Amino acid sequence: MSGGFQSDPTSLAHCSNMVRTRFAPSPTGYLHIGGVRTALFNWLYARHHNGQFILRIDDTDQQRNVEAALQPILDGFRWLGIDWDEGPEVGGPHAPYYQSQRSARYQGAVARLLDAGCAYRDFATTDELAAEREVAQKEKRDFVYSRRWMAETPADVARFEDEGRVAVVRLKMPREGTCRFHDLVRGDVEFSWGREQDHVIQRADGTCLYHLASVVDDADFEITHVIRAEEHLPNTPRQRFIATSLGLEPPEFAHLPYVAEPGGTQKISKRKLAKYLKNRDFKELFEHGSAIAAALGREVEADTFNPVIVDFYREVGYLADALLNYLVLLGWSLDDKTEDFSRAEMVQHFSLERVNKSPAGFDPQKLRATQMRYMQAVPSKKKVALVLPYLQQARLVTSPPPCETGPRVAQILQAADDRVKVAGDILEFGEFFVADDALEFDEKAFEKRIRKPNATPLLLAFRAELAVLEPFDAVTTEAALRAFIEAQSIKMGEIIHALRVAVTGKAVGVGMFDTLAILGRDSCLARIDRACARE
RNA sequence: GGCCCCAUCGUCUAGCGGUCUAGGACUCCGGCCUUUCACGCCGGCAACACGGGUUCGAGUCCCGUUGGGGUCACCA
């Protein structure tokens, strides 16, 4: 834990200067990995400054069931430990936090914009607009709306309405000069106003669009810092225009680089699963997760069971802290060597100044390496609790579990050591939970190790020793086997593999003697007998 | 295509004019450990996109080229 108290105590006293950030998901039913990274940076920035983090739901264009589609997103944040001070389920002084319920605020803003002459009613049809666009393209010049169907007086309105036209409301954007602002990540940026379009802010049916809603909400919610993905950078001029036209002080902006696809340079997207599966590392990540899902008897839907979606990691048994640690390093770093950050350390050290400008590729290998390090640090008791639900879902353990299960699982986890990298990996050790007569054999391994000359007699000879061994633990079984191979004048390899296959059904697993000890004498003897009798 | 953004090992990054024959992490490749697998340990490969400036000195500043990307909706 390096560093110390860095924050300036005097700044904390000024509540009026309190940092307030927000993340504004659309209720789509899933939490995108890139979205989480953005939310995390907002959360960290707020927490670092002893500020507040707000969740706002951008559902202006949603006809579907918002509640149902929102739940997985909220669950995802809860799992990750990214908590919000205001928003759905927790409420707050600026409620409601759903854009679909704030239309009165937007209508009011549109009226003020109209009054101020910063917006106008436009009666153009989409065909007419398309025609203008086409002409512009033919003449190889930038398209800017002619404002031919702009109605600024009641007379204009009446005239157009008589023609049977309906109006939308457009921003009356400046056509000269430059929009300059300081971006907390990218520095000074500028756009010339002349290329900005007169964006629609209110549809013909009266509903309002994102840019307007977003600016109004950010002001209402007293958002001080808008930290969002880079693709919003071109949206910033029009949003600043809306804010200033409304007489509001625009918030600070920080545009984060996007998260790039594995092995590529484009923005990562949940729809390109098939493409990413061609990437070796991503495929491995996905297949490892799929195997766990299959062992759980889960039907996997491409919609959520996808490493681009956060649910994937939760379902498979990744640690939230590990995911967060991986994500925070995607575009941010503290120094030239620190890789591991607890939640508190992230909060303590995070700053926008150290956010990178260039996109960061999603690297499945590094994620898995981070996860492994975190798993290694989990204390035994907690690991048991982590793993137990997986055993229950796979019906290897009943729920509630019998009382001997806890110690047994702890024993297995200790023996398995780093082999359990995510909680779901426990399912690779099903042999410790099945009945002796239900053990399945890996046929290839059985063929190679047991169906060979001398294997069965050796196994049975050693079985006789195990039968009378006292006590029956890893130390004594190892000593017994070493004495046995010496007495038989054979090498370890000549029996140990057969023994493993006989008692676990598999060619690989945890240490041989740990395996024997965990299984216990009765199971070992029964399984050796069963394997030797098998043809 | 217009506008905007970006550019250090395969990947994530350190580097804010001299301490850089460019550091760390992941991956990869050797080796060790070893009853399998995993872990662990030791070692190794590997980068400043290119061209001009500025400067005593440039990965670091400026310009250009190239390359990559984002964005151009009555989506968010």
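On a predicted model such as this, the values are computed, not experimentally measured, just so you know. Each chain gets a letter, A, B and so on, in the order its sequence line appears, and its residues count up from 1.
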Original post:
Counting side-chain heavy atoms from C-beta on, which of B:G2, B:A7, B:C12 comes nearest to A:S358?
Top reply: B:A7
Original post:
What is the distance from OH of A:Y120 to C1' of B:C74, rounded to the nearest Å?
Top reply: 13 Å
Subject >> nucleotides 59-64 of chain B: protein proximity per nucleotide (B base, S sugar-phosphate only, - neither; heavy atom, under 4.0 Å) >> reply: ------
Which atom pairs link the protein and nucleotides 21-28 of chain B when you take only N or O atoms and keep those under 3.5 Å?
{"residue": "B:G23", "atom": "N2", "partner": "A:D336", "partner atom": "O", "Å": "3.2"}
{"residue": "B:G24", "atom": "N2", "partner": "A:E339", "partner atom": "OE2", "Å": "3.4"}
{"residue": "B:A25", "atom": "O4'", "partner": "A:E339", "partner atom": "OE2", "Å": "3.3"}
{"residue": "B:A25", "atom": "O2'", "partner": "A:E339", "partner atom": "OE1", "Å": "3.3"}
{"residue": "B:A25", "atom": "N3", "partner": "A:K366", "partner atom": "NZ", "Å": "3.0"}
{"residue": "B:C26", "atom": "O2'", "partner": "A:K366", "partner atom": "N", "Å": "3.4"}
{"residue": "B:U27", "atom": "O3'", "partner": "A:Q365", "partner atom": "NE2", "Å": "3.4"}

Atom pairs, protein N/O to nucleotides 30-33 of chain B N/O, distance under 3.5 Å:
none

**OP:** In whole angstrom, give the distance that lies between atom CG of A:N235 and atom P of B:G70.
**Re:** 15 Å
Do any N or O atoms of the protein come closer than 3.5 Å to N or O atoms of nucleotides 65-69 of chain B, and which pairs are they?
{"residue": "B:G68", "atom": "O3'", "partner": "A:T265", "partner atom": "OG1", "Å": "3.2"}
{"residue": "B:G68", "atom": "O2'", "partner": "A:T265", "partner atom": "OG1", "Å": "3.3"}
{"residue": "B:G69", "atom": "O2'", "partner": "A:Y258", "partner atom": "OH", "Å": "2.5"}

Subject >> Euclidean distance for P, B:C29 against B:G70 (whole angstrom) >> reply: 32 Å
**OP:** Side chain of A:R354 only, please: which of B:C74, B:A76, B:G15 is the nearest?
**Re:** B:G15
**OP:** Classify the angle between the aromatic ring planes of A:Y210 and A:H232 as parallel (below 30°), tilted (30 to 60°) or perpendicular (above 60°).
**Re:** tilted
**OP:** Check every atom of B:U35, B:C12, B:G70 against the side chain of A:F513 and return the nucleotide holding the closest atom.
**Re:** B:U35
Original post:
Does A:R419 have any side chain to side chain donor-acceptor pair (under 3.5 Å) partners at least two apart in sequence or in another chain, and if so, which?
Top reply: none
Subject >> N-O pairing of A:R105 and A:D220 below 4.0 Å >> reply: yes
Original post:
Which base, if any, makes a Watson-Crick or G-U wobble pair with B:G43, both distances under 3.5 Å?
Top reply: B:C29
Subject >> Inter-residue atom distance A:N325.CG - A:L319.CG, 0.5 Å rounding >> reply: 11.0 Å
Subject >> Backbone of A:T38 reached by a side-chain donor or acceptor of A:N42 within 3.5 Å >> reply: yes
Original post:
So, A:D425 and A:H288: side-chain donor and acceptor under 3.5 Å apart, yes or no?
Top reply: yes
Original post:
Can a salt bridge be assigned to the pair A:E128 and A:R148 using a cut-off of 4.0 Å between side-chain N and carboxylate O?
Top reply: no
**OP:** Just call it for A:R56: base, sugar-phosphate, or nothing, with non-hydrogen atoms closer than 4.0 Å on any strand.
**Re:** nothing
Original post:
Does A:T60 put a side-chain nitrogen or oxygen below 4.0 Å from OP1 or OP2 of B:A76?
Top reply: yes
Original post:
Atom CD1 of A:I268 to atom P of B:G70: distance rounded to whole Å?
Top reply: 13 Å
Original post:
Where each residue is assigned the nucleotide of RNA chain B containing its nearest heavy atom, which of A:G493 and A:K357 is assigned the position nearer the 5′ end?
Top reply: A:K357
Original post:
Which residue pairs pass the ring pair (Phe, Tyr, Trp, His ring centres under 6.0 Å) test with at least one member in residues 477-501 of chain A, sequence neighbours excluded?
Top reply: A:F462-A:F484
Original post:
Of the residues in residues 197-213 of chain A, which ones touch RNA chain B at a heavy-atom distance under 4.0 Å?
Top reply: A:V200, A:R203, A:A204, A:L209, A:Y210, A:H211
Subject >> Per A:V189 side chain, nearest of listed nucleotides B:U13, B:C5, B:A76 >> reply: B:C5
Original post:
With ring centroids as reference points, do A:F362 and A:Y276 lie under 6.0 angstrom apart?
Top reply: no
Original post:
Between A:H255 and A:T236, do the side chains contain an N or O donor and an N or O acceptor separated by less than 3.5 Å?
Top reply: yes
**OP:** Starting from P on B:C12, measure out to OH on A:Y326 and report it in whole angstrom.
**Re:** 8 Å
**OP:** Please say which of A:K506, A:R449, A:K444 ends up in a side chain to side chain contact (heavy atoms under 4.5 Å, CB included) with A:V501.
**Re:** A:R449
Subject >> nucleotides 36-44 of chain B: protein proximity per nucleotide (B base, S sugar-phosphate only, - neither; heavy atom, under 4.0 Å) >> reply: BBBSS----
**OP:** Provide the full list of side chain to side chain donor-acceptor pair (under 3.5 Å) pairs with a residue in residues 350-360 of chain A, sequence neighbours left out, each pair given once.
**Re:** none
Original post:
Between A:R186 and B:C4, is there a side-chain N or O to OP1/OP2 distance below 4.0 Å?
Top reply: no
Original post:
Who passes side chain to side chain donor-acceptor pair (under 3.5 Å) against A:D217, sequence neighbours left out?
Top reply: A:Q99, A:R102, A:Y106
Subject >> Opposite nucleotide pairing with B:C56, Watson-Crick or G-U, both atom distances under 3.5 Å >> reply: B:G18
Subject >> Whole-angstrom distance between B:A58 and B:C62, as gauged at atom P >> reply: 16 Å
Original post:
Between B:C12 atom P and A:F341 atom CZ, what is the distance in whole Å?
Top reply: 17 Å
Subject >> Contact under 4.0 Å: A:R133 side-chain N or O vs B:G1 OP1/OP2 >> reply: no
Original post:
How would you list, by chain and number, every residue that makes a side chain to side chain donor-acceptor pair (under 3.5 Å) with A:H199, sequence neighbours excluded?
Top reply: A:R238
Original post:
In whole Å, what separates the P atom of B:C61 from that of B:U8?
Top reply: 13 Å
Original post:
Would you say the side chains of A:D205 and A:T207 form a donor-acceptor pair under 3.5 Å?
Top reply: yes
Original post:
On a whole-Å scale, what distance lies between the C1' atoms belonging to B:U27 and B:A73?
Top reply: 42 Å
**OP:** Report yes if at least one side-chain N or O of A:N356 is closer than 4.0 Å to OP1 or OP2 of B:U13; otherwise report no.
**Re:** yes
**OP:** Could you measure between the two C1' atoms, the one in B:U11 and the one in B:C16, and give it in whole Å?
**Re:** 24 Å
Original post:
For atom P, what is the distance between B:G44 and B:U36, given to the nearest Å?
Top reply: 27 Å
Original post:
Checking ring-ring contact (aromatic ring centres under 6.0 Å, His included) for the pair A:F41/A:W332: CA distance, chi angles, key distance, verdict?
Top reply: CA-CA 9 Å; A:F41 282 23; A:W332 176 85; 7.5 Å; no
**OP:** Sort and list the pairs that fulfil ring pair (Phe, Tyr, Trp, His ring centres under 6.0 Å) and have at least one residue in residues 409-428 of chain A, not counting sequence neighbours.
**Re:** none
Original post:
Do A:Q414 and A:S380 get their side chains close enough for a donor-acceptor pair, meaning under 3.5 Å?
Top reply: no
Subject >> Spacing of the C1' atoms in B:A49 and B:G59 (rounded, Å) >> reply: 12 Å
Original post:
Does any donor atom in the side chain of A:Q107 or A:Q202 lie under 3.5 Å from an acceptor atom in the other side chain?
Top reply: yes
Subject >> A:H232 ring over B:A76 six-membered base ring, under 5.5 Å and 30° >> reply: yes
Original post:
Taking it one step at a time, do A:Y318 and A:Y374 satisfy ring-ring contact (aromatic ring centres under 6.0 Å, His included)?
Top reply: CA-CA 9 Å; A:Y318 282 76; A:Y374 269 78; over 10 Å; no
Original post:
Checking A:R228 against A:F253: charged group under 6.0 Å from the ring centre and within 45 degrees of the axis?
Top reply: no
